[in-house]
Amino acid sequence: MSTVVLAYSGGLDTSVAIRWIQEKYGLDVIALTIDVGSERDIAAIADKARQIGAVKALIVDARADFVRYFVWPALQAGAIYEGYYPLATALARPLIARLLVEVAHAEGAVAVAHGCTGKGNDQVRFDVSIATLAPDLKIIAPVREWSMTRDNEIVYAAEHGIPVQATNASPYSVDQNLWGRSTECGILEDPWAEPPEDAFIWTASLAAAQLEPTYREISFQHGIPIALNGVEMDGVTLIETLNKEAGRYGVGRIDAIENRLVGIKSREVYEAPAATVLHTAHRALESLTLSREQTRFKEGVSSEYARLIYNGQWYSALHQDLAAYVQSTQRFVSGKVRIRLSSGQCSVVGRTSEHSLYSHGLATYDSGDQFDHNAALGFIKLWGLPLSTQAQAQLLPSVGMEGNLLAKVATKE
Ligand code: ARG
């Protein structure tokens, strides 16, 4: 019989999918469970897949590759979607797609399958990545294809002897990995409703986070974090440590309305303590080591980069181009940043680099000033020259202010 490789999470959707694919498509299912830092019992999930009827259940610990090839490049790029989302889910999708394709080819499968709905971004990210990497593979998306409600699925599961965790009564839809945790659905679908505390797992409430402030030193090499408080550690450990430590301070809660690629606005609650701390620290180090013009240009690159990750274009030529630019910008982004964690806050309190562009002699208002004050005069004259020339030739009105401000003040007396 032909086979399909299913990205298997162990949840209700993909559990039902194992049997549904067998019935609907007559394919043997190989379940592939990928650990990207979801804090689940991966071995137990694989057992469950076999029990439900998968012919094989494979597990891959992809945490180190996730950090190295996806998280760190996104951090170096400063990729944050629409100003708040560090892209945890979006970054894991192209990795999972790649592993699905590799396993499908190794196993001689004719198709791959995933558990995405027809309303989200994830189906786009999976389908576009898979079609780009392996146009030969058919893509099956059971949840998009069947028209079962959650209750229908529970009935289907009962009829087919599929174990369902009755304790899994969470009203939310959650996706999580090392880089962050995303929570949707339930009361959160009301954008006016404050997220209840039970929507947060990684971060302490502000009430609980009333701890003595604490400091962390993060060392970077070429824009990649390599040590915490002077202790070198691998990326997975560093991120896990910061998720716990900053999470205790309630750092990294994000509540936002987000524009999905498929045209819907959705309410998203994220917890991303490590991503929040590391983006903050990385930006601080760049402020010391990149020129004004590099910083300005990179802002545009960052938002393009974030958008392409969000929109499922990881395996694109545009990404290759932007990645090359970003790598070039990181040549001198090495040094240390000191962060202060306090209730809900992550503040930069110090930064240092051997490649720093900061010159005390130029900046100081004290003795030792090396800045040429007289040169400022000539500079200002030329800088303002086109403005004053144009204002005289075209009698430009003052921008955004009609009439005479002084006259308005006078009439009030
Ligand atoms: N809105 C985020 C994104 O599109 C998170 C999606 C979470 N996915 C999920 N299956 N719950 O990347």
Side-chain angles (χ1 to χ4, degrees), residues 6-17 33-40 45 66 70-71 74-75 77 79-97 100 113-130 139 141-145 150 153 168 170-189 191 195 198-203 252-273 275-276 279 303 305-315 319:
L6 165 72
Y8 182 65
S9 71
L12 179 64
D13 287 340
T14 51
S15 293
V16 168
T33 302
I34 297 161
D35 187 0
V36 276
S38 351
E39 298 174 338
R40 295 165 309 165
I45 293 173
F66 179 50
F70 295 84
V71 172
L75 175 67
I80 299 183
Y81 182 67
E82 293 187 336
Y84 53 80
Y85 172 35
L87 294 159
T89 296
L91 282 165
R93 295 322 187 211
L95 169 62
I96 295 170
L100 278 173
H114 60 71
C116 300
T117 70
K119 264 181 109 153
N121 299 308
D122 287 330
Q123 54 170 346
V124 183
R125 297 168 184 149
F126 277 131
D127 289 9
V128 169
S129 299
I130 293 161
I139 300 169
V143 180
R144 191 169 57 194
E145 296 171 25
R150 194 179 162 83
E153 287 183 54
N168 186 11
S170 165
Y172 307 116
S173 159
V174 175
D175 183 66
Q176 69 182 41
N177 62 48
L178 283 169
W179 205 226
R181 188 169 188 280
S182 127
T183 309
E184 298 169 342
C185 301
I187 181 70
L188 304 178
E189 288 179 356
D198 71 355
F200 301 100
I201 301 293
W202 286 6
T203 53
R253 289 187 174 192
I254 300 159
D255 173 357
I257 301 294
E258 170 175 302
N259 290 297
R260 285 193 192 164
L261 179 58
V262 293
I264 302 170
K265 280 192 191 292
S266 66
R267 200 307 173 70
E268 302 286 338
V269 171
Y270 296 113
E271 290 176 282
T276 300
H279 270 296
S303 76
Y305 209 111
R307 209 170 9 246
L308 80 82
I309 292 169
Y310 190 85
N311 291 343
Q313 296 161 304
W314 185 266
Y315 297 109
H319 181 199

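Atoms within each ligand, like the ligands themselves, are counted from 1 in listed order. Note that the coordinates shown come from a computational prediction; the quantities given were computed from them, not determined experimentally.
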Does ligand 1 have any atom sitting under 4.0 Å from a heavy atom of Tyr270?
-> yes
Which segment of Glu184 sits under 4.0 Å of ligand 1 when only heavy atoms are counted = side chain
Which atoms of ligand 1 have any heavy atom of Ser182 under 4.0 Å away?
-> 5 (C), 6 (C), 7 (C)
Centroid separation Phe66 to Trp179 less than 6.0 Å | no
Evaluate the side chain to side chain contact (heavy atoms under 4.5 Å, CB included) criterion for residues Arg267 and Asp255: first the C-alpha distance (whole Å), next the side-chain angles of each, then the deciding distance (0.1 Å), finally the verdict.
-> CA-CA 7 Å; Arg267 200 307 173 70; Asp255 173 357; 2.6 Å; yes
Short list, please: which atoms of ligand 1 are under 4.0 Å from a heavy atom of Asn121?
-> 3 (C), 4 (O)
Relative to the heavy atoms of Tyr85, which atoms of ligand 1 are at a distance of less than 4.0 Å?
-> 2 (C), 3 (C), 5 (C), 12 (O)
side-chain hydrogen bond (donor to acceptor under 3.5 Å, both in side chains) partners of Arg144, counting only residues at least two apart = Gln123, Asp127
Distance-only, no hydrogens or angles: does the Thr33 side chain make a donor-acceptor pair with backbone N or O of Tyr8 under 3.5 Å?
-> yes
Asp122 heavy atoms within 4.0 Å reach ligand 1 at atoms 8 (N), 9 (C), 10 (N)
Ser173 heavy atoms within 4.0 Å reach ligand 1 at atoms 11 (N)
Is there a side-chain contact between Ser9 and Arg40 (heavy atoms, below 4.5 Å)?
-> yes
With a distance cut-off below 6.0 Å to the six-membered ring centre and an angular limit of 45° from the axis, does Arg260 pair with Tyr310 as a cation-pi contact?
-> no
Glu82 meets the side-chain hydrogen bond (donor to acceptor under 3.5 Å, both in side chains) criterion, sequence neighbours left out, with Tyr84, Asn259
Using distance alone, determine whether Glu258 and ligand 1 share an N or O pair under 3.5 Å.
-> yes
Leu87 contact mode with ligand 1 (heavy-atom cut-off under 4.0 Å) | neither
Should the proximity of Tyr172 to ligand 1, defined as any heavy atom under 4.0 Å, be assigned to the side chain, the backbone, both, or neither?
-> neither
Indicate whether the side chain of Glu258 and that of Tyr270 have a donor and an acceptor atom separated by less than 3.5 Å.
-> yes
Per-atom contacts, ligand 1 versus Arg125 - under 4.0 Å to a heavy atom | 3 (C), 4 (O), 12 (O)
